[in-house]
Structure formats: structure tokens, C-alpha cells
Student: 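The following block contains the structure, expressed as C-alpha cells.
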Amino acid sequence: MTAQPSPTRVLVLNSGSSSVKYQLLDMSDGSRLATGLVERIGEDSSARLKHTPLGTGEGGGESREWNGPIADHETALKAVAEQLAKDGLGLDSPELAAIGHRVVHGGKSFTEPTVVDESVLAEIERLIPVAPLHNPANLTGIRTARALRPDLPQVAVFDTAFHTTMPESAARYAIDVRTADEHRVRRYGFHGTSHAYVSRATAKLLGKAPEDVNVIVLHLGNGASASAVRGGKCVDTSMGLTPLEGLVMGTRSGDMDPAVIFHLARVGGMSIDEIDTLLNKRSGLIGLCGDNDMREIRRRIDEGDEQAQLAFDIYIHRLKKYIGAYYAVLGRVDAVAFTAGVGENAAPVRAAAVAGLEELGLTVDDGLNAVRADEARLISPAGARVAVAVVPTDEELEIATQTYALVGQ
Ligand code: AMP
């Protein structure tokens, strides 16, 4: 009898409230076999599934789309499984080693990726009050995948895990300790998978071990967060109890005086839910100028639009404050790394964020900054005291890597 080769494939699932994003990776070489997205789950007949097999075989790289009703996550995952099966990549494949799930909130409990069992599910459920939008959808994704392949390891990879190394001085708010503990009010941080991946990739770009470098990671997407990473471990991050704290984002305000909330309630007559929506959905760049896409904001600035210019200036001012703060937290900074949609693509944001920080050893070379590329690269001039880098993030690869490290033979 010939021994079966060990399974090397990992399916990564990112289940949102009305969407499922997925990627199938082969961890023998980190290659991607398929990728896709189901959107508008539960919304009558308008759901859409877009699936792209990425192999070199027949149909590789050509997307297939399907539109119609998808009532719930179970139906969505079954449809994904069907699409994968068409390419010979079905969930029943013996080559599938595990399913890795993105879980937004792991609280203080989960400091590492974890193989899911009943007690893990119960703990993720217990954390719903601190992540009411995300954890329920993540749980549904895990439960559905478990029902489809009960024998397969399901691994939860938490967005908060990388930040659990923050010292109490950074993780605690300065409020009454008993009240904070009773309601689990503390700073958890998010985008941890990205901060972990990018800080390691930055060390690699510098030709150093993660333990030997201090990095400020700026994850600037529609959601945005900064982190201070000392020797591979997070020591501070800008998001807090929820993703609302910190930088100016596409639709979130980031930092402000908490008393703004009392004021809007008492004087403005707004309900807590209205204020929640205002600060999470109608603030940040969209609240300031009506657009949250940095491309559009730059286009308007080029046309002389003052409102867009002010939104940009507020965004940059906050970003600069965090660079300065994390410089002070770390004491010595080896690199500042820009990542995610804005960080990877918007050269004017990178240039403006470090403008005037020459005294801190931070500068960008305009020529290097203007280059568009998919690889991690330095944009600071040769010999600069602090490296400034663009490091494309890859959360799916990181989730697959962490999952496979836990279950792969
Ligand atoms: P993410 O959340 O990482 O997918 O980032 C999405 C955001 O990236 C968009 O809302 C845009 O503001 C920004 N973005 C994407 N592509 C570009 C680009 N080519 N130039 C400037 N900003 C971009």
C-alpha cells in the first residue's frame, strides 16, 4: 500500500454579515488555486457569486459569475463548494488540510490561531457584545463549514491576536478599573493579521530577523490602523475596543473627544444608534468631503477642490501624529511600512505623511515613491536612517500560513 501524500491545501474563509470572501491556497508553495466572493447574501434575488480558478489548467484565470437568490451563509458556502468542485478543488478533496476562518474579535482569550471546537465557538459567541457586527457572521461561517466537512480541522485566526502582546499601559483606558473589567472595556486592536504579515515582510525586506527590527506599520485601507511593533511583537495599535478609534478612515471618525457623543445626545437629540452610525458610517473622509475613495479625493484636489483638500489635510495630520507617537513609544524605529489600498497605491499620502519628519530620519525619494509595483519595496533614499517601505499586505496568505502551521504535517 502506498502512503497518501499529506494534504497541503487550505481554504481561507472571511465571512461578513452579507458576504463570504474565499481563497484556496496550496501551502506546499503558497500558490493560489482559486479565489472568489459571494455578495448580498439574504438580499432577495440580487446575490452574486464571482469565482476565479487560478490554476494553469483549462479555464485558469477566467472568472465565472452567478447571480440569483442566496438565502443564507449555508447556501452561499454550498455554492462556493460547487464552484470549487467544478475545478476539481471540491471540499471533499483529500488534499484539503483545513479551513482557516478570519474571526474579528478574539478578546483577551485568543492570543493565537486556534483549532475550533465547541468551547472555542462558545467563547467567540461570548465576545459578541464587543463585536456585534462581525463575530456573529464569523461564527455562522465556521458553523456552516463544520457542517459541510465535520472531519476537517477548522482554524479560527483572530484579527485581535497579534495585539495581545500590548502591555497593560497601552491596552487599558484610563477609566475606573472595575467598570472596565466588568464590561471587558480595553483596547484590543484589529487588522492584526495584516500588521503581523507586514511587520514580518518589512523585516525580510531589510534582510533582518523580525526580532531585530522595530517597525511602524500603517495599514491604510477603507478601515485604517497603525501599529508599533518592537522585535516582532505589537506594543501599541491605534484601534481600540472597536475599530472606531485611531486614524481618520474612509467612513469612521477615529479619535475624538468622547464628550462629542454626550453632546450629540444631549444637545443634538440624537439616539445612541444614530451616533453610532454617524461615527462609523458617515464620518472620516466621507463625512468631511463626501468621498471616501482616495483616488477621487486626489482628483478633486487636483481640480482645486478645497473641501477635498481639507479632508486630505485632516487625514494626514492624524497619520503624522501617530507616526510621531509610535516613534516615541518605540524609541528606535528601523522602518515605517505603508500597506492596504491607500498605503500601497497613494504616493501623495505617503509623501505627505512623512513630509517634515527629516529630523526623525524619515524621508521618501520622490522617484521611488512614484513607482507602481506589486512587490514590497523601499521608497526612502539609499542610506536613510529609517527605511520607508511599501509592503503589500496579504491577509489570506497569513491566515493560510497560520492555519497550516497549526494543522499541517
Ligand atoms: P482596502 O480597504 O485596503 O481595500 O482599501 C480600499 C481603499 O483604497 C479605497 O477606498 C481607496 O481609497 C484606496 N485605493 C485603492 N486603490 C487606490 C489607488 N490606486 N490610489 C489611491 N487610493 C486607492
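Values reported hereafter were calculated over all heavy atoms of this structure, with side chains retained and with hydrogens, waters and symmetry mates removed. All ligand and atom numbering here is 1-based and tracks the order in the structure.
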Student: Assess whether a salt bridge exists between Glu125 and Arg143, defined as any Lys/Arg side-chain N lying under 4.0 Å from an Asp/Glu carboxylate O.
Tutor: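 Between Arg143 and Glu125 there is a salt bridge, with a charged N closer than 4.0 Å to a carboxylate O.
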
Student: Could you list which atoms of ligand 1 come closer than 4.0 Å to a heavy atom of Gly221?
Tutor: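 Counting from 1, the qualifying ligand atoms are 1 (P), 2 (O), 3 (O), 5 (O).
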
Student: Provide the number and element of each atom of ligand 1 under 4.0 Å from a heavy atom of Val342.
Tutor: 8 (O), 12 (O), 13 (C)

Student: Can Arg298 be said to sit on top of Phe312's aromatic six-ring, NZ or CZ under 6.0 Å from centre and within 45° of the ring axis?
Tutor: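 Yes, a cation-pi geometry.
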
Student: Using distance alone, decide if ligand 1 has a nitrogen or oxygen within less than 3.5 Å of any nitrogen or oxygen in Ala346.
Tutor: no

Student: Under 3.5 Å, side chain of Ser93 to main-chain N/O of Glu95, donor-acceptor pair present?
Tutor: yes

Student: When the aromatic ring centroids of His105 and Phe190 are compared, is their separation below 6.0 Å?
Tutor: yes

Student: Suppose we measure from atom 11 (C) of ligand 1 to each protein heavy atom; which comes out shortest, and what is that distance?
Tutor: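 The protein heavy atom lying closest is Asp293 OD1, 3.5 Å.
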
Student: What protein heavy atom lies closest to atom 23 (C) of ligand 1? Include the residue and the distance to one decimal.
Tutor: Gly341 O, 3.7 Å

Student: Report, in ascending order of atom number, the atoms of ligand 1 lying under 4.0 Å from any heavy atom of Asn292.
Tutor: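 It comes down to these atoms of ligand 1: 10 (O), 12 (O).
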
Student: Starting from atom 20 (N) of ligand 1, which protein heavy atom do you reach first, and at what distance in Å?
Tutor: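 In this structure, atom 20 (N) of ligand 1 has Arg295 CG, 3.3 Å as its nearest protein heavy atom.
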
Student: Identify the closest protein heavy atom to atom 18 (C) of ligand 1: which residue and atom is it, and at what distance?
Tutor: Asn345 CB, 3.2 Å

Student: To the nearest 0.5 Å, what is the distance between CG on Asn14 and OG on Ser19?
Tutor: 7.0 Å

Student: What residue and heavy atom of the protein are closest to atom 22 (N) of ligand 1, and at what distance?
Tutor: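 Closest protein heavy atom to atom 22 (N) of ligand 1: Met294 CB, 3.5 Å.
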
Student: Does Met249 have a heavy atom less than 4.0 Å from any atom of ligand 1?
Tutor: no

Student: Using salt bridge (Lys or Arg N to Asp or Glu O under 4.0 Å), reason through Asp302 and Arg300 one step at a time and then give a plain yes or no.
Tutor: CA-CA 5 Å; Asp302 289 344; Arg300 285 172 56 186; over 6 Å; no

Student: Taking heavy atoms and a distance under 4.0 Å, where does Arg372 meet ligand 1: side chain, backbone, both or neither?
Tutor: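 Within the 4.0 Å criterion, Arg372 contacts ligand 1 through side-chain atoms alone.
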
Student: Got a protein heavy atom sitting under 4.0 Å from atom 4 (O) of ligand 1?
Tutor: no

Student: Would the distance check show the side chain of Asn138 and the main-chain N or O of Ser15 forming a donor-acceptor pair, the cut-off being under 3.5 Å?
Tutor: yes

Student: Taking all non-hydrogen atoms of both residues, which atom of Ile124 and which atom of Ile142 are closest, and how far apart?
Tutor: CD1-CD1, 4.1 Å

Student: Give me the atom names and distance for the closest heavy-atom approach of Gly107 to Thr160.
Tutor: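 Shortest heavy-atom contact: N-OG1, 3.9 Å.
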
Student: Is there any N or O on Asn222 that sits under 3.5 Å from an N or O of ligand 1?
Tutor: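 Min N/O separation from ligand 1 is below 3.5 Å for Asn222.
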
